[in-house]
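Here is the structure we will look at, set down as structure tokens.
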Amino acid sequence: MNSAENFLQNKQLAKQANNEPLPPGQEQAQPLQQLLTRPDIWQLASGQGRSRTGISTGYRGLDALLTGHGWPRAASTELLIDKAGIGEMSLILPTLAELTRQGQMVILVNPPLIPYAPALVQAGVQLEKLLVLHPRGQRDQLWAAEQSLQSGACGALIQWQGKETPADKDLRRLQVAARDGDCLHFHFRPGSCVKTPSPAALRLQLKSDGEQLALHLFKQLSGKSGQRVHLARNPDLVRRDQPLH
Amino acid sequence: MLWLCIQLPKLPLEALTRAHRAGDSAPLAVAQSSLIIDANRAANSQNVEPGLSIATACAYCADLQLLERDAEREEQLLQQLAQWAYSFTPVVSPRSAEREHNQPDNQFACLYLEISGCLKAHHGLRPLLQQLGKELRKMRISHFMGLGHSPSAAHLLSQLPEHRQWLAETKHAPTSQQWRQWISFAPSKLLDCNHKTIAKLYASGIKRVSQLLAIPLSEVGSRFGRNFISYLAQLNGTRPDPVPSFEPPAEFHNELFSPSPLDNSEQLLFPAGRLIRELCRQLQRRQLYSQQLCWVLDYGSRGQQPINVEVSRPLLDPQRLIALTKLQFERVELKEPVQALTLKCQQLQPIENQSLREDFFDEGSKLNESYQLIDKLKARLGHQALSGVTLKESYLPEQAWQNADSLTLQSKAKGHHLTPVRAPRPNWLLPRPDRLQQRDHKLFYDGELQLLQGPERIDGYWWQQRRHARDYYIARGSHGSLYWVFQDLTSESWFLHGVYS
């Protein structure tokens with residue numbers, strides 16, 4: 001919900017309150033209920049009462065920390081990362097695999113390297129639902145991302161920030177597009193973007209502690225933030241043989 | 001059977017002058033081998049008639065403008081008219097003009113339409129004839145019509161003024177008795193045969209067809225030949241009268257010529273919209289669809305520029321096609337003002353029932369949405385910006401995948417199904433292996449690398465020029481990243497090939 005809508009709704013609520021100086025108890029509760037159902041209002045106390053609205057990440061430890069017990073639906077998720085190869089794709093691959101199995105399209109915009117088909121199939125991704133886009137230039141990239149998010153045809157869109165940092169306005173548009181199209185939006189951005197504010201519903205900082213993937217919940221809409229969680233890599237990868245060299 | 005014959009007497013002139021404005025009144029004539037074939041009204045009023053020699057015509061009318069006859073264009077126009085007629089009835093047969101040497105046309109080009117099947121759809125004979133006449137007048141094609149029980153009878157009767165008079169007023173098709181009366185009433189010069197035969201008929205005193213029909217057929221045959229008898233039988237309806245059936249070509253080709261060149265791609269959208277609407281109307285009529293719209297921007301003498309718009313699903317909605325075209329045109333920089341815009345669709349395919357039926361289900365509409373999205377992305381970003389990935393059967397890691405050009409969003413293709421290797425593979429593959437630095441038996445890539453697993457030997461293609469023999473390892477970088485590295489066994493140097501992200 002953008003600030004203008006927010007403002008209008010608040011104004012309406014205030015108006016109602018003024019017109020009826022002494023409303024009966026039930027009617028007073030109704031606007032409050034309306035308010036509480038809004039996703040941008042953070043409720044600290046009723047954490048348990050929340051429904052599991054998110055899309056499961058496939059990692060139980062991470063699900064427990066997220067408010068909707070999964071990736072926030074129809075919203076942007078920012079993944080801040082400096083160094084590739086620490087398990088950032090394995091973090092979202094279970095979700096993508098599940099989406100493609102359900103027949104939804106998954107779009108990769110500007111992946112840094114070639115998405116390697118055998119590994120994706122091993123992870124359970126249906127390749128025929130996967131679309132890779134390489135738009136030239138920042139404008140085309142944002143246009144393609146916004147169109148895809150809005151269309152309602154795709155289940156998830158994964159985007160890598162190019163050389164240019166998108167303006168706050170553009171990020172907001174992407175977030176609105178993800179909401180309109182009911183689409184998961186993952187945005188990989190460099191760690192240096194931590195300082196700048198962002199409209200994303202969830203911001204995660206990804207680092208490696210040498211062995212495991214260390215996640216830092218940097219921001220979570222209507223939920224706690226600041227927690228850290230460590231996720232182990234696939235044991236098949238880190239198993240150690242006798243070194244030959 | 002009810003055949004309508006539409007005669008097109010002024011086709012040679014109209015093929016050349018249809019683009020002119022209606023008010024033009026300069027005398028014009030079409031000439032072929034020093035004979036006037038056709039003349040417009042302004043020339044007619046100055047006594048220029050078909051059949052005159054050019055010299056005589058120029059003597060009558062000093063400022064007469066002469067045009068060379070263009071048989072090819074005439075044929076094109078006739079084909080277009082046949083396509084137009086095809087929208088009324090599926091049985092159409094065009095017949096081009098015939099002429100004998102050094103004579104003006106004795107046979108005009110004409111169209112035969114079998115209309116008994118489409119009377120009900122057009123609410124009877126009268127509204128159908130009115131509709132045909134109206135559309136022809138709108139296209140500025142002069143014509144006259146005749147109705148008959150066979151094509152040759154319709155052709156004969158179309159030349160009979162009394163019949164045309166009757167046709168203009170009639171509400172119902174006449175009975176076969178009436179046909180006979182019309183035909184026997186017709187003068188014998190209207191018969192569809194050469195000048196020699198007609199001269200012979202008149203020489204023997206046969207002025208009306210009735211007189212001809214009174215003579216025993218064997219007598220007629222011995223004088224005028226076998227062909228003439230069969231023609232008479234066709235006229236009578238006692239023998240079938242086959243005409244070649246018109247088969248509309250499975251392609252669309254239309255051009256719009258703009259009198260003042262367009263120098264802005266937005267201006268192109270208006271003629272483009274018109275062409276697309278025409279295309280959609282034709283496609284809808286024939287239940288076809290096109291996978292590609294080929295636009296050609298014609299810069300006149302300075303060349304042409306083709307632009308292709310791809311459509312992945314059967315789409316007959318002009319608005320959507322216009323939107324796709326608009327996206328494509330926005331990317332184009334016009335080098336020169338555009339003089340003509342052409343739309344070509346070469347391979348029209350029949351719409352299959354299945355593809356339409358799918359749309360009624362939820363999944364189908366979702367699929368439709370994704371096809372629309374893909375079309376939109378293709379139109380703006382270009383074909384090469386989109387790709388899919390598929391598996392490929394190969395030992396070599398860099399050849400175990402490939403770009404999938406055509407996205408098959410539908411459920412898996414049946415048949416051969418590839419399975420990847422069981423060994424752990426990286427999510428990211430480098431476009432080409434990156435060489436690792438090597439010092440004191442240690443590997444460096446953004447810090448020291450530590451080998452965790454391996455080797456997995458991949459050795460192949462020794463039968464080709466370049467042998468690929470590699471030992472693959474999983475290595476961990478100093479920042480905790482996992483890499484897929486290999487040692488080339490022939491050169492013994494190390495490379496980075498993938499990232500486990």
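Chain naming here is simple, since letters A, B, ... match the order of the sequence lines and numbering starts at 1 in each. Just so it is clear, the values below take in all heavy atoms, side chains as well, and ignore hydrogens, waters and symmetry mates.
Of the two parts of Tyr483(B), only the side chain, counted from C-beta on, holds a non-hydrogen atom closer than 4.5 Å to a non-hydrogen atom of chain A. Only the side chain of Ile474(B) comes within contact range of chain A, with at least one heavy atom under 4.5 Å from a heavy atom of that chain. If you measure heavy-atom distances from Leu93(A) to chain B, the contacts under 4.5 Å come from the side chain alone. In this structure, chain B has a heavy atom under 4.5 Å from the side chain of Ile107(A), while its backbone stays farther away.
To the nearest 0.5 angstrom, Ser370(B) atom OG is 10.0 Å from Gln104(A) atom CD. Put simply, OH on Tyr116(A) and OH on Tyr500(B) are 9.5 Å apart, with the number rounded to the nearest 0.5 Å. Note that CZ of Arg476(B) and OG of Ser208(A) are 7.5 Å apart. Values are rounded to the nearest 0.5 Å. Distance check, rounded to the nearest 0.5 Å: CG of Leu327(B) to CD of Gln147(A) gives 8.0 Å.
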task: For Ile374(B) and Leu131(A), run side chain to side chain contact (heavy atoms under 4.5 Å, CB included): C-alpha distance rounded to whole Å, both residues' side-chain angles, the deciding distance at 0.1 Å, then the answer.
output: CA-CA 9 Å; Ile374(B) 286 173; Leu131(A) 178 66; 4.3 Å; yes
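Around CZ of Arg331(B), the count of heavy atoms belonging to other residues, nucleotides or ligands within 6.0 Å exceeds 12. Within a 6.0 Å sphere centred on CD of Glu330(B), other residues, nucleotides and ligands contribute more than 12 heavy atoms. Atom CZ of Arg233(A) is surrounded by more than 12 heavy atoms from other residues, nucleotides or ligands within 6.0 Å. Other residues, nucleotides and ligands place more than 12 heavy atoms under 6.0 Å from the CZ atom of Arg101(A). Other residues, nucleotides and ligands place more than 12 heavy atoms under 6.0 Å from the NZ atom of Lys219(A). Within a 6.0 Å radius of CD in Glu266(B), other residues, nucleotides and ligands contribute 12 heavy atoms or fewer.
Between Pro426(B) and Ala119(A), the closest heavy-atom pair is O-CB, 3.1 Å. Closest of all the heavy-atom pairs between Leu113(A) and Pro431(B) is CD2-CD, 4.1 Å. The two residues Ser90(A) and Ser501(B) have their closest heavy-atom pair at OG-O, 2.8 Å. Shortest non-hydrogen contact noted between Trp401(B) and Ala117(A) is CB-CB, 3.7 Å. Ser481(B) approaches Ala84(A) most closely through the heavy-atom pair OG-O, 3.0 Å.
Just one residue in the list Leu130(A), Leu108(A), Val125(A) forms a side-chain contact (heavy atoms from CB on, under 4.5 Å) with Val389(B), and that residue is Leu130(A).
A heavy-atom distance below 4.5 Å is not found between the side chains of Leu386(B) and Val132(A). Looking at heavy atoms from C-beta onward, Met105(A) lies in side-chain contact with Leu373(B) at the 4.5 angstrom threshold.
Ranking Lys392(B), Gln384(B), Gln450(B), His479(B) against chain A, the residue ahead of the rest is His479(B), based on heavy-atom pairs under 4.5 Å. Contact count against chain B (heavy-atom pairs under 4.5 Å) is highest for Pro115(A) among Ala123(A), Pro115(A), Pro135(A), Ala144(A). Heavy-atom pairs under 4.5 Å with chain B peak, among Gln212(A), Gln122(A), Arg136(A), Gln150(A), at Gln122(A). Between chain A and the residues Leu429(B), Leu377(B), Thr390(B), Val499(B), the most heavy-atom pairs under 4.5 angstrom are made by Leu429(B).
Taking the six-membered ring for Trp and thresholds of 30 and 60 degrees, Trp160(A) and Trp428(B) have ring planes more than 60 degrees apart, a perpendicular arrangement.
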